[in-house]
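One is the number of the first residue; the rest follow in order along the sequence. All ligand and atom numbering here is 1-based and tracks the order in the structure. In this text the structure is predicted, and so the values were computed from the model without any measurement.
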Amino acid sequence: MNTVTASPIIVAVDKHDLSSALALADSLDPSLCRLKVGKELFTACGPSVVQALHDRGFDVFLDLKFHDIPNTTAQAVLAAADMGVWMVNVHAMIGSDAMSLCKSRLVNGGYDTLLIAVTVLTSMTQEVLQSLGVLSPLDEQVLRLAKLSQISGLDGVVCSAQEAVALKSSLGTDFKLVTPGIRLANDDNNDQKRICTPSEALKNGSDFLVIGRSITTASHPTDKLKLILADL
Ligand code: C5P
């Protein structure tokens, strides 16, 4: 596993084909960011894209948000770890037994891949949760799922940076908070709802900031990344 940078930025390589993904990667510097491979790119390209990003020196967060029965999820996590990724994730809604199984298979296999859980997607609102039958306030649901992830032995959670202050104070500094929904003041929010600026997110206690379209749609992605880093 690579650990090549102290930068808190993870750039979401939400591209549809290998050449666009590698063009973006080649415009970025592995000492300034990690890269996130999500469902779009992985479904289009498979493990070869992860290998190609590793070959370029990047740490890769494989963001496939596994959500299935315990054995299937744990074996998928192991398959991700076999690729040498730095971080992989599941949905906390798989429950504690399934999350514990994923973690114990990683530990028993001697992998140091970080395993984190998605709490409530940053594109979701209170109304969306209610429509799904989740009646607790959104921040309580995030805290509940984060505590469950911690009890299950995971290394951290994905949440909104708006929730980071409460989670850090409740779960401690070692439990990693990975926060998408990051936007600069002048950026388009797109489909994200619970957003923060990069500096707010770090101030709130985020450990890693996942940034996609703010960087990937910029005419000069590296310049935008450097601008964000300079502001932190
Ligand atoms: O373009 P944008 O900055 O909104 O990209 C955010 C990235 O983080 C996307 O790849 C999205 O799938 C991912 N993500 C998210 N919310 C989560 C987990 C992951 O937006 N809770």
Check whether the side chains of [X] and [Y] place a donor and an acceptor atom closer than 3.5 Å, and report yes or no.
X	Y	value
Asp17	Ser20	yes
Arg213	Asn189	no
Gln192	Thr122	yes

Between the protein and ligand 1, are there any N or O atom pairs that come within less than 3.5 Å of each other, and if so, what are their names and distances?
from, atom 1, to, atom 2, distance (Å)
ligand 1, 1 (O), Arg213, N, 2.7
ligand 1, 1 (O), Arg213, NE, 2.7
ligand 1, 3 (O), Arg183, NH1, 3.0
ligand 1, 3 (O), Gly212, N, 2.8
ligand 1, 4 (O), Arg183, NH1, 3.4
ligand 1, 4 (O), Arg183, NH2, 2.8
ligand 1, 4 (O), Gln192, NE2, 3.0
ligand 1, 4 (O), Arg213, NH2, 2.8
ligand 1, 10 (O), Asp14, OD1, 3.3
ligand 1, 10 (O), Asp14, OD2, 2.7
ligand 1, 10 (O), Lys36, NZ, 2.7
ligand 1, 16 (N), Thr122, OG1, 3.0
ligand 1, 20 (O), Thr122, OG1, 3.4
ligand 1, 20 (O), Gln192, NE2, 2.8

Please report, to 0.1 Å, the donor-acceptor pairs under 3.5 Å made by any side chain of residues 201-209, with sequence neighbours excluded.
from, atom 1, to, atom 2, distance (Å)
Asn204, ND2, Ala161, O, 2.9
Ser206, OG, Thr179, OG1, 3.0
Ser206, OG, Ala201, O, 3.0
Asp207, OD2, Lys168, NZ, 2.8
Asp207, OD2, Leu177, N, 2.8

- Test ring-ring contact (aromatic ring centres under 6.0 Å, His included) applied to His67 - qualifying residues, sequence neighbours left out: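 ring-ring contact (aromatic ring centres under 6.0 Å, His included) list for His67, sorted by chain: His91.
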Side chains of residues 138-145: which donor-acceptor partners sit under 3.5 Å, not counting sequence neighbours?
from, atom 1, to, atom 2, distance (Å)
Gln141, OE1, Arg144, NH1, 2.7
Arg144, NH1, Ser136, OG, 3.0

